[in-house]
Trainee: 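Can you keep this structure in mind? I'll have questions shortly.
Side chains included, hydrogens not; waters and symmetry mates left out as well; all remaining heavy atoms used. Every value quoted in this text rests on a predicted model; they were computed, and no experiment measured them.
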Amino acid sequence: METQGLKMSSSSRDMDSQSQSRKRGGHFRPVENTTMESESLFPHIPMASSSQVDPDEEERGAEKGLRGDLNSIMLLMFLYILQGIPLGLSGSIPMLLQSRKVSYKEQAVFSLVYWPFSVKLLWAPLVDSIYSQWFGRRKTWLIPIQYLMGFFMLILSTQVKHILGDTDDGSGPVNIVVLTVIFVCLNFLAATQDIAVDGWALTMLSRRNIGWASTCNSVGQTAGYFLGNVFFLALESADFCNTYLRSEPQPEGVVTLSSFLWFWGIVFFITTTLVGILKREHMDLDVDPDQGIVETYQILWNVIRLRSIISYSIILLTSKVAFAASDALTGLKLIEAGMPKERLALFAVPMVPIQIALPLVISRYTSGPRPMSVWIKAYPFRIVIGVVYCLIVYWATKTQTTPGQFPWYFYVVTLAIYGLHQVAVYCMFVGQMAFHAKISDPSIGGTYMTLLNTVANLGGNWPSTVALGMVDYMTWKSCSTGESCDTKLLQDQCEQRGGQCSTNIDGYFILTAVCTVIGLLWLKSRNSRLEQLGKLPEKAWKYIPSSSSASNNFNHSS
C-alpha cells in the first residue's frame, strides 16, 4: 500500500507485485499474494498468480493441514521479514533527516529509494528465466542477493554516521546523494529477492498449502517493516528509552543506526549461509514452468497496447496527484512542528489490527461486478482528509504546552483522523485490487497483474516525489534581520548574523490547496470514464494472440 498521511517518508505505499507470466493448463485456482504495502506504511503492490491444482490431491490433502510444510512456511515468513527490514529503514531515514533540518528537495531525492519496487517488472523476467539448475532456480538469485544485502548493511554501518553528518566536532552536512544511492541499491536487491522468494513459494509449499504464501508475504513484510521502522525509531530515540526503558538517562538510545545495520548485516550472512546449505530446492515445472525472456516481454508489450489498458493506466498514473501533499509531507511537517519522530512512528501500532480487519470487511463490497464503485466513493473522502491534515499541522504549531509536548486530546484527534484516513485508503486499495483481479487474463495472470500493479505503484510514487521537490519553492521565509532566508545557504547566513529564520507562508498549505483543486477537477473529468471502463466486457481486457490488432478489442477512445 502506499505511504499516506502520517507516514514518516514519502511515497504512497504503495505495494508489491509478482512478476512472472504463468501459463497453466487444467484446473486453475487463483492465489492472492497480497502485500499490503498499505498505503500508510509499505511501498508495495499486492501480487496475484495462479497455480495449477489437482482437485483430487487438494481433497486428499485437506485433512493433512500443515503437515510437512510447517518448516517451509516458517522459512518463507523469515525471508519476507528480511525483505521488510530495508523497507522499514527506508521509511525511518526521512524522519532522521527531518531532525537534521535537511531541505524538502533533499527529501525528494531520497524518496527515489522506493522506486525499485515500482519498476521491478523490468528485470523480473530475467530472474525467472536465468538460473543454475544444479544450484536451484530461486537459490541462484536468492543466496547471492542476500549476501549482497548483508554486505551493504555492514559497509553502511561503518559509514552512516559520516554520511548523516554526525561528526565529533558537531553536525556536518548530510550527504543525501550517497545515502540515496546506497538505499536504492539496497531496495533493488530487496525487490530482486522478493521476485525470487515469490517464485520459490510456488514450489516450496505443497499445492494444498500454496495459499499460505500470501499469509507469509503479508505477515512477514509487515513484521520486517515494523522492526525496521517503528521498533528501530523507538529504540534509537534517547527520549523514548530514557522515559520507558532506563532508570538513568543517557544521551543516546538503546541502539544506533550503525549498530542496527551491523546486527542485521550479520543476520543476513548467517541465515543466508544456513539456507544455502540446509534447504534444498525442488523443481516443479507444472507449478512454475519455464518461460522465455523474449516471450514474456512480448506478452507485456501486447498487453500494454490494449486501448483499455492505456486508458486505465492514465487513470492510475494521475489519480493520486490529489493526495501528493498529504501523503508525502504531513508526517514530516508534524516533526518540523515539534512532534517527536518516535511518537509519530508509534501511531502505526494501533493501526495494525485495523489494517488487518479492513480488507476483510471492505471485500464484501468489492466482490460484485463493480468493484471500482467503492474506489470512486472513497476518493472525495480522501481529498477531504488531506485538507483536515493541514488543519492538524497548523494546530500542532499552536497547541504545544512546551516544545515537543502536546496535550492528550491532540493525539486522540490526530489518531482518529489517521484511522479514518486508513479506511479511505483501504477502500480504494481493495477496490482497485478487486478490479485488477476481475480484468486480468487468467492465461497470463501473473504478468497481467504485475503490469497493472506496477503502474498503480508508479502513480503513487511520482506525485509524492514531485510534491517533496516543489514545497520549498512555494515556501516564503524571512530572517529577523530583514533579509530573505528561503534557501539553506541564506538560512545559514541568517543564523551566522545572529538572526532567526521564520516561515511567512508555508508551501505545504499552498501545495495541499493546489492538489485538492486538481483532485476535484480530476474526479469530475475522469469519474465517468472510470465507470465506463468498469462496464466493459471481459474481452476488452484480454490479449488475444492473432493477426488482428489487439486494439480492435475495444472501440472506446481513451
Side-chain angles (χ1 to χ4, degrees), residues 8-9 16 35 37 41-44 74-97 110 113-114 116-117 141-164 166 178-197 216-237 240-241 245 252-279 341-342 345 348:
M8 322 73 190
S9 70
D16 183 2
T35 306
E37 171 191 356
L41 288 177
F42 315 108
H44 291 312
M74 293 174 65
L75 175 59
L76 281 175
M77 189 88 70
F78 187 73
L79 291 175
Y80 282 118
I81 288 174
L82 293 181
Q83 183 188 127
I85 297 297
L87 293 172
L89 285 172
S90 297
S92 301
I93 295 298
M95 303 181 75
L96 300 179
L97 295 178
F110 187 79
V113 303
Y114 290 112
F117 274 92
W141 290 89
L142 180 72
I143 301 304
I145 287 296
Q146 289 198 167
Y147 274 133
L148 282 174
M149 292 174 72
F151 176 76
F152 263 91
M153 288 185 172
L154 292 177
I155 296 299
L156 183 58
S157 70
T158 64
Q159 301 296 321
V160 70
K161 290 186 67 175
H162 175 72
I163 294 172
L164 290 176
D166 295 337
V178 172
L179 189 66
T180 302
V181 169
I182 291 174
F183 269 89
V184 165
C185 293
L186 194 57
N187 281 343
F188 171 81
L189 294 172
T192 308
Q193 188 253 29
D194 185 42
I195 298 168
V197 175
C216 295
N217 190 310
S218 58
V219 174
Q221 284 189 353
T222 299
Y225 192 96
F226 184 88
L227 290 172
N229 190 281
V230 179
F231 185 75
F232 163 70
L233 287 172
L235 296 185
E236 188 270 345
S237 168
F240 181 88
C241 294
L245 303 179
E252 288 188 337
V254 174
V255 302
T256 63
L257 182 56
S258 295
S259 63
F260 192 82
L261 286 165
W262 178 265
F263 171 79
W264 283 105
I266 296 298
V267 170
F268 267 88
F269 270 93
I270 294 174
T271 56
T272 302
T273 302
L274 292 175
V275 171
I277 295 174
L278 301 178
K279 185 64 177 177
K341 60 183 182 299
E342 68 279 359

Trainee: Starting at CH2 of W141, measure out to OG1 of T192 and round the result to the nearest 0.5 Å.
Mentor: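 Going from CH2 on W141 over to OG1 on T192, the span is 7.0 Å.
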
Trainee: Apply side-chain contact (heavy atoms from CB on, under 4.5 Å) to residues I182 and V160 and explain how you reach the verdict.
Mentor: CA-CA 10 Å; I182 291 174; V160 70; over 6 Å; no

Trainee: Please check this pair: side chain of N187 against backbone of P116, looking for a donor-acceptor N/O pair closer than 3.5 Å.
Mentor: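 Checking the backbone N and O of P116 against the side chain of N187, no donor-acceptor pair under 3.5 Å is found.
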
Trainee: T256 vs L261, test: side-chain contact (heavy atoms from CB on, under 4.5 Å). Steps then yes/no.
Mentor: CA-CA 9 Å; T256 63; L261 286 165; over 6 Å; no

Trainee: Can you name the residues that form a ring pair (Phe, Tyr, Trp, His ring centres under 6.0 Å) with F232, not counting sequence neighbours?
Mentor: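 F260.
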
Trainee: If you count the non-hydrogen atoms of other residues, nucleotides and ligands that lie under 6.0 Å from CZ in F231, is the total more than 12?
Mentor: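 For F231, atom CZ is not crowded (no more than 12 foreign heavy atoms under 6.0 Å).
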
Trainee: Within a strict 4.5 Å, meaning less than it, do heavy atoms of the L97 and L179 side chains meet?
Mentor: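 Counting from C-beta outward, L97 and L179 do come under 4.5 Å.
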
Trainee: Donor-acceptor check, side chain of S237 to backbone of A234, threshold 3.5 angstrom: yes or no?
Mentor: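 No, S237 side chain to A234 backbone: no donor-acceptor pair under 3.5 Å.
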
Trainee: Which residues pass the ring pair (Phe, Tyr, Trp, His ring centres under 6.0 Å) test with F151, not counting sequence neighbours?
Mentor: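 None.
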
Trainee: With sequence neighbours excluded, what pairs up with F152 under the ring pair (Phe, Tyr, Trp, His ring centres under 6.0 Å) test?
Mentor: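 Applying ring pair (Phe, Tyr, Trp, His ring centres under 6.0 Å) to F152 gives none.
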
Trainee: Which pair of heavy atoms, one from G91 and one from N229, lies closest together, and at what distance?
Mentor: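 It is C-ND2, 3.3 Å.
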
Trainee: Step by step, would you call L245 with L235 a side-chain contact (heavy atoms from CB on, under 4.5 Å)?
Mentor: CA-CA 9 Å; L245 303 179; L235 296 185; 3.7 Å; yes

Trainee: Which atom pair, heavy atoms only, marks the closest approach of Q193 to I145?
Mentor: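 Closest approach of Q193 to I145: CB-CG2, 3.8 Å.
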
Trainee: Could you grab the distance from atom CG of L148 to atom CG of L186, nearest 0.5 Å is fine?
Mentor: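 So the gap between those two atoms works out to 10.0 Å.
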
Trainee: Give the minimum heavy-atom separation between L82 and T271, together with the two atoms involved.
Mentor: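 Nearest heavy atoms, L82 then T271: CD1-OG1, 3.8 Å.
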
Trainee: F183 and S90: which non-hydrogen atoms are nearest, and at how many Å?
Mentor: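 Heavy atoms of F183 and S90 come nearest at CD2-OG, 3.6 Å.
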
Trainee: Quick one: CG on L154 to CH2 on W264, what's the gap to the nearest 0.5 Å?
Mentor: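 Output value for this atom pair is 13.0 Å.
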
Trainee: I want to know whether F269 and Y147 have ring centres closer than 6.0 Å.
Mentor: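 So the answer is yes for these two rings.
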
Trainee: Enumerate the residue pairs fulfilling salt bridge (charged side-chain N to carboxylate O under 4.0 Å, His left out) with a member in residues 227-237, sequence neighbours excluded, ordered by first and then second residue.
Mentor: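 Matches after skipping sequence neighbours: E236-K341.
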
Trainee: Does any non-hydrogen side-chain atom of L156 lie less than 4.5 Å from one of I163?
Mentor: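 Sidechains of L156 and I163: in contact.
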
Trainee: Please list, chain by chain and in numerical order, all residues satisfying ring pair (Phe, Tyr, Trp, His ring centres under 6.0 Å) with F188, sequence neighbours excluded.
Mentor: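 Partners of F188 under the ring pair (Phe, Tyr, Trp, His ring centres under 6.0 Å) test: W123.
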
Trainee: Considering non-hydrogen atoms only, spot the tightest contact between G228 and S92 and give its length.
Mentor: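 Heavy atoms only, the tightest pair is O-OG, 2.8 Å.
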
Trainee: Is the backbone N or O of F268 less than 3.5 Å from a side-chain atom of T272, with the two atoms forming a donor-acceptor pair by type?
Mentor: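 Checked: pair present.
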
Trainee: How far apart are the closest heavy atoms of M153 and P86, and which atoms are they?
Mentor: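 Closest approach of M153 to P86: CE-CD, 4.2 Å.
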
Trainee: Tell me, with the steps shown, if Y80 and D194 meet side-chain contact (heavy atoms from CB on, under 4.5 Å).
Mentor: CA-CA 8 Å; Y80 282 118; D194 185 42; 3.6 Å; yes

Trainee: Name all residues meeting the side chain to side chain donor-acceptor pair (under 3.5 Å) criterion together with T180; count only those two or more places apart in sequence or in a different chain, and write none if there are none.
Mentor: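 Side chain to side chain donor-acceptor pair (under 3.5 Å) list for T180, sorted by chain: empty.
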
